[in-house]
Amino acid sequence: MTAVRTALVIGGGIAGPVTAMALRRAGIEATVHEAYPAVTEGSGVTLTLAPNGLAALDCVGAEQAVEGVGLPMRRTVVTDGRGGRIGAFPHVAVEPVTLGLWRDDLARVLREQAEARGVRIAYDKRLVDAEESDDGVLARFADGSTASADLLVGADGIRSRVRTLIDPQAPAPQVLPLLNLGGAARYAVPDADPEAMYFVFGARAFFGYWVQPDGRTAWFANVPDRRPTSYAEASRIPRQQWLHRLREVFADDVPARQVLAHTEPDGLVAIGSIESMPSVPRWHGGRMVLVGDAVHAPSPSSGQGASLAVESAVQLARCLRDHAELPAAFDAYERLRRRRVEKVLRRGRQTTSTKTVGPVGKRMMRLMMPLALRTFLNTERTLGPEQRYRIDWDALVTTELAVGSA
């Protein structure tokens, strides 16, 4: 039984509310501190939540609420920019199925679920420093306020302040040579399968989309660009300017050309360059520990960023529940998670590299796809173990680790 009774969770996105809910189930009172002054809209575009992520949400009772704002995705269709089909493959045959969601909807529902369980979310609380003592940790915020608890959890994203407090030499995110943009078009791609994600390898860039029940098309685009562009910089560029650039990039591609023609500037979000985290040497230190993108942000191409964040939130709570001392709990948490998440990080980087293939690569892809779908691209073989991963909340962590190392 843990001796920890209270926790500060830094970050109110996806990992933060789930961490707080899981901690409360483990008997630890948690408060979420979010840097932004209010609930933000338009801070993200589309994402997918894999079966393993949804199963982890079931550990905190939030799975059904999240399913209510997502669309089931049972297959992926790959095409070229001329509309020709390169291949199609079913998703892993497991329940629950992958969901396609808007990031804002997912974050909103998780906050609502956390608050319904008694979690307090404090806004406009940007962490600047933390001081540890034998009795606990004191967090200092930019507005001059402070808060204290037995431990502090950094769920504060890829530019985590908590990560640098734990280790001033911690690595920074790696910038990948692709811009990430997305939005919604008042247009439904004709004859699109409502339970399919579409990946389009266009003449100059990669385009993904799915059609929603409301007749809109949710889309994202990855445009090659070797100049690093931060989210702040991308946000300063007028949306109309981004839209003009995208319409030029995808001028020869279908259905991207049509989707973008029906996208209004206020329906577009520019994220900036795609980023992922390299291996982080220190996941915890003293009374502080990291979860989610703060410690293991994969490329969006992995389709696992949100799911891994949810898993880690739940596993951290289990480890704190089953260990009386923080060092033992944190060590168990890292042992449970590091190998799994770093395998996904590697796969995400490999998948992202395919989005920059040239004309020759696309021709080879078309020729090789039928064989690939039967061999190394077989979803059951490549993604089955990843997506069938399940957390047994009631099992003892010590037993799980002993079995895993046997």
Side-chain angles (χ1 to χ4, degrees), residues 4 6-24 26 28-36 43 107 110-111 114 119-133 136-142 145-173 275-298 305-306 308-320 326-327 329-338 341-342 345:
V4 173
T6 57
L8 306 176
V9 179
I10 307 301
I14 292 171
V18 179
T19 299
M21 285 188 279
L23 289 174
R24 284 183 67 86
I28 300 169
E29 188 77 18
T31 302
V32 175
H33 297 265
E34 166 58 43
Y36 289 97
S43 59
L110 292 176
R111 287 191 298 265
V119 173
R120 187 173 74 87
I121 301 177
Y123 293 94
D124 201 14
K125 299 295 180 182
R126 184 173 298 278
L127 182 73
V128 294
D129 202 1
E131 300 174 10
E132 296 179 283
S133 68
V137 58
L138 177 72
R140 298 186 182 279
F141 301 100
S145 65
T146 62
S148 60
D150 294 327
L151 80 152
L152 184 147
V153 182
D156 49 342
I158 200 167
R159 286 181 172 75
S160 170
R161 172 59 178 153
V162 180
R163 186 173 65 238
T164 60
L165 290 174
I166 291 173
D167 179 8
Q169 304 304 315
E275 297 177 309
S276 70
M277 284 301 299
S279 178
V280 174
R282 296 182 59 190
W283 285 35
H284 54 86
R287 292 178 174 271
M288 295 186 286
V289 64
L290 301 169
V291 296
D293 283 357
V295 68
H296 52 61
L308 291 184
V310 171
E311 284 182 4
S312 288
V314 173
Q315 292 289 44
L316 174 63
R318 290 180 65 229
C319 292
L320 288 164
L326 286 181
F330 291 165
D331 178 66
Y333 164 64
E334 185 173 348
R335 288 170 59 198
L336 278 178
R337 300 301 294 157
R338 182 181 282 276
V341 302
E342 292 193 349
L345 287 173

What's the shortest heavy-atom distance between Ala297 and Ile158, and which atoms?
CB-CD1, 3.8 Å
Distance in Å, Thr146 OG1 paired with Lys125 NZ, rounded so as to fall on 0.5 Å steps:
8.5 Å
Taking C-beta and beyond as the side chain, do Glu334 and Val289 meet within less than 4.5 Å on heavy atoms?
no
Atom pair CG/CG of Asp331 and Leu336 - distance to nearest 0.5 Å
9.5 Å
Val32 and Ala20 have their tightest heavy-atom pair at CG2-CB, 3.7 Å
Is there a side-chain contact between Arg282 and Gln169 in this structure, where contact means two heavy atoms from C-beta onward sitting under 4.5 Å apart?
no
Within-4.5 Å side-chain heavy-atom neighbours: Pro281 and Pro171:
yes
Can you tell me which residue among Ser312, Ser276, Ser279 is in a side-chain hydrogen bond (donor to acceptor under 3.5 Å, both in side chains) with His296?
Ser312
Can you tell whether the side chains of Arg24 and Glu29 come within less than 4.0 Å, N to carboxylate O?
yes
Find the distance between CE (Met288) and CG (Asp167) and round it off to the nearest 0.5 Å.
10.5 Å
What are the two closest non-hydrogen atoms of Phe330 and Arg287, and how far apart are they?
CE1-C, 4.2 Å
For Gly292 and Ala15, the nearest pair of non-hydrogen atoms, with its separation, is CA-CB, 4.2 Å
Heavy-atom closest pair, residues Ile166 and Gly285
CG2-N, 3.9 Å
Measuring only between side-chain heavy atoms, which start at C-beta, is Asp129 closer than 4.5 Å to Phe141?
no
Testing Thr19, Ile10, Leu8 for side-chain contact (heavy atoms from CB on, under 4.5 Å) with Val153, which one passes?
Thr19
Side chains of Leu165 and Leu152: does their closest heavy-atom pair fall under 4.5 Å?
no
Donor-acceptor check, side chain of Arg161 to backbone of Gly154, threshold 3.5 angstrom: yes or no?
no
Of all heavy-atom pairs between Arg111 and Pro17, which one has the smallest distance, and what is that distance?
CG-CG, 4.0 Å
Return yes if some donor-acceptor pair links the side-chain N/O of Asp156 with the main-chain N/O of Gly11 below 3.5 Å, else return no.
no
From Leu320 CG over to Ile28 CD1, what is the distance, rounded to the nearest 0.5 angstrom?
4.5 Å
Could you tell me whether the side chain of Tyr333 reaches within less than 4.5 Å of the side chain of Leu290, counting heavy atoms only?
no
For the atom pair CG (Leu23) and CG (Leu316), what is the distance rounded to the nearest 0.5 Å?
6.0 Å
Is Arg163 reaching over with its side chain to a backbone N or O of Val295, donor-acceptor style, under 3.5 angstrom?
no
Is the closest side-chain heavy-atom distance between Asp293 and Met277 below 4.5 Å?
no
Rounded to the nearest 0.5 Å, what's the gap from OG on Ser148 to CD on Glu132? Could you check?
13.0 Å
